[in-house]
Amino acid sequence: MTADTATELFEEHRSVLMGVAYRMLGRVADAEDVVQDAWLRWSGGDRSEVREPRGFLVRITTRLAVDRLRQIKARGETYVGPWLPEPYVTDFGDTVADGAERAVLADSVSLAVLVVLETLSPLERAVFVLREAFGHPYAEIAAMLDRGEPAVRQLAARARRHVDERRPRYDVDPARRRDLTERFLDAASGGDLAGLLELLAPDVRLVGDSGGKARAPLRVLDGADHVGRFFVGVADKGVPDVSVRMVELNGGPALLVLSGGKPDTVVQIDADGDRIRTVYVVRNPDKLAALATLP
């Protein structure tokens, strides 16, 4: 295998490797570092015995991501306020033709799922991502992680049970979710409390992530009245030189709020089809920096 061929093969699979690393870590910069480390090992190692480049690269990336996740957990860093994953651009385009596969990939990268995955052990998270998001057989996952297949099946069952117990599932048509997002934007930007209350479920929750570096609720807000009045207050105060774009993040429509042309806030909703059940607000500037490069 020539150096040029090795580079072409790696670039062919880069998006898959980034998808694995991001789902493992929930942090774009960490995922990019892991993929770069995988490239260094791929380009500098002996590739003469590699028969399936994609499987080989996914194995390297997964192991590096497990190590990185263990390091993060070992540091035991304290985060100010609620934590949300870093928003991740997901434009599957023509790369995923099958609607069911597209839905699985979108669900596995959603904010709701990634928040739950953060509570899993690194090995549980790796097994869940490889099995649920990318459909790898248990035998392949066992080889990737140097574990026996029965142990991997146990990890998979435990992870799936944990996710199912903690993450509400709403099957919402993408067009319906986009419509709710647009209506939410109209009501929130106009400070229309009555309009917001029509859209919000009575037990809606608002989860804000500022990391202590921007203004956002330092605890989860519960209830339509509290959440609605929060957005009315935001509209009353205003954002300097504001503009809003609809973008695809974490498998669904999201609102990217710009101030002076720079990313200021990301807002995304989960809905049950008729009402908004959760509103996610990301304001930590460290988690928005990568969105400045969106075309």
Could you tell me whether the side chain of [Y] reaches within less than 4.5 Å of the side chain of [X], counting heavy atoms only?
| X | Y | value |
| --- | --- | --- |
| Val66 | Pro122 | yes |
| Phe184 | Val279 | yes |
| Lys213 | Val80 | no |
| Arg23 | Phe134 | yes |
| Asp37 | Val34 | no |
| Val115 | Glu118 | no |
| Met246 | Glu182 | yes |
| Arg219 | Pro82 | no |

What are the two closest non-hydrogen atoms of [X] and [Y], and how far apart are they?
| X | Y | value |
| --- | --- | --- |
| Ala38 | Phe10 | C-CE1, 4.0 Å |
| Leu193 | Gly228 | CD1-C, 3.7 Å |
| Leu25 | Ala65 | CD2-O, 3.8 Å |
| Gly55 | Met144 | O-CE, 4.0 Å |
| Ala142 | Gly148 | CB-C, 4.0 Å |
| Ser110 | Arg167 | OG-NH2, 4.2 Å |

With rounding to the nearest 0.5 angstrom, report the [atom1] to [atom2] distance, [X] to [Y].
| X | Y | atom1 | atom2 | value |
| --- | --- | --- | --- | --- |
| Arg14 | Trp39 | CZ | CH2 | 8.5 Å |
| Leu199 | Leu197 | CG | CG | 9.0 Å |
| Ile269 | Leu185 | CD1 | CG | 10.5 Å |
| Asp236 | Phe231 | CG | CZ | 13.5 Å |
| Thr181 | Ile276 | OG1 | CD1 | 7.0 Å |
| Thr62 | Leu57 | OG1 | CG | 10.5 Å |

If two hydrophobic side chains count as joined below 4.5 Å and joins carry through other members, does [X] share a cluster with [Y]?
| X | Y | value |
| --- | --- | --- |
| Val257 | Leu288 | no |
| Leu218 | Val207 | no |
| Leu111 | Leu294 | yes |
| Val266 | Leu258 | yes |
| Ile141 | Ile60 | yes |

Would [X] and [Y] pass as an ion pair if we require N to O under 4.0 Å?
| X | Y | result |
| --- | --- | --- |
| Glu198 | Arg183 | no |
| Asp225 | Arg229 | yes |
| Asp164 | Arg160 | yes |

**Prompt:** For Leu130 and Glu140, what are the C-alpha separation, side-chain angles and deciding distance, and is it a side-chain contact (heavy atoms from CB on, under 4.5 Å)?
**Reply:** CA-CA 9 Å; Leu130 293 173; Glu140 283 186 12; over 6 Å; no
Spell out, as yes or no, whether a donor-acceptor pair under 3.5 Å connects the side chain of [X] to the backbone of [Y].
| X | Y | result |
| --- | --- | --- |
| Gln268 | Leu249 | yes |
| Trp42 | Ala6 | yes |
| Glu124 | Ser121 | yes |
| Arg54 | Glu12 | no |
| Lys287 | Leu84 | yes |
| Arg41 | Gln36 | no |
| Ser108 | Ala133 | no |
| Glu86 | Val28 | yes |
| His226 | Asp222 | yes |
| Asp272 | Asp274 | yes |

Side chains of [X] and [Y]: do they bring a donor and an acceptor to under 3.5 Å?
| X | Y | result |
| --- | --- | --- |
| Arg205 | Thr278 | no |
| Thr119 | Arg166 | no |
| Arg158 | His162 | no |

**Message:** Please evaluate residues Tyr280 and Asn250 with respect to the criterion side chain to side chain donor-acceptor pair (under 3.5 Å), reporting the C-alpha separation (whole Å), side-chain torsions for both, the decisive distance (0.1 Å), and the verdict.
**Reply:** CA-CA 12 Å; Tyr280 299 103; Asn250 294 86; over 6 Å; no
**Request:** Please test Leu256 against Val244 for side-chain contact (heavy atoms from CB on, under 4.5 Å), starting from the C-alpha separation and ending with a verdict.
**Result:** CA-CA 6 Å; Leu256 174 59; Val244 183; over 6 Å; no
**Message:** Does Lys73, at its NZ atom, have more than 12 non-hydrogen atoms belonging to other residues, nucleotides or ligands within less than 6.0 Å?
**Reply:** yes
**Message:** If you count heavy atoms of other groups shown closer than 6.0 angstrom to CD of Glu52, is the number above 12?
**Reply:**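 No.
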**Message:** Check for me whether Arg27 meets the cation-pi criterion with Tyr22, that is, NZ or CZ under 6.0 Å from the six-membered ring centre and within 45 degrees of the ring axis.
**Reply:** no
**Item:** Ser210/Arg215 under side-chain contact (heavy atoms from CB on, under 4.5 Å): CA gap, chis, key distance, verdict
**Value:** CA-CA 7 Å; Ser210 68; Arg215 296 193 65 178; over 6 Å; no
**Prompt:** Can you list the steps and then say if Met24 with Arg68 is a side-chain contact (heavy atoms from CB on, under 4.5 Å)?
**Reply:** CA-CA 9 Å; Met24 281 290 299; Arg68 178 66 65 96; over 6 Å; no
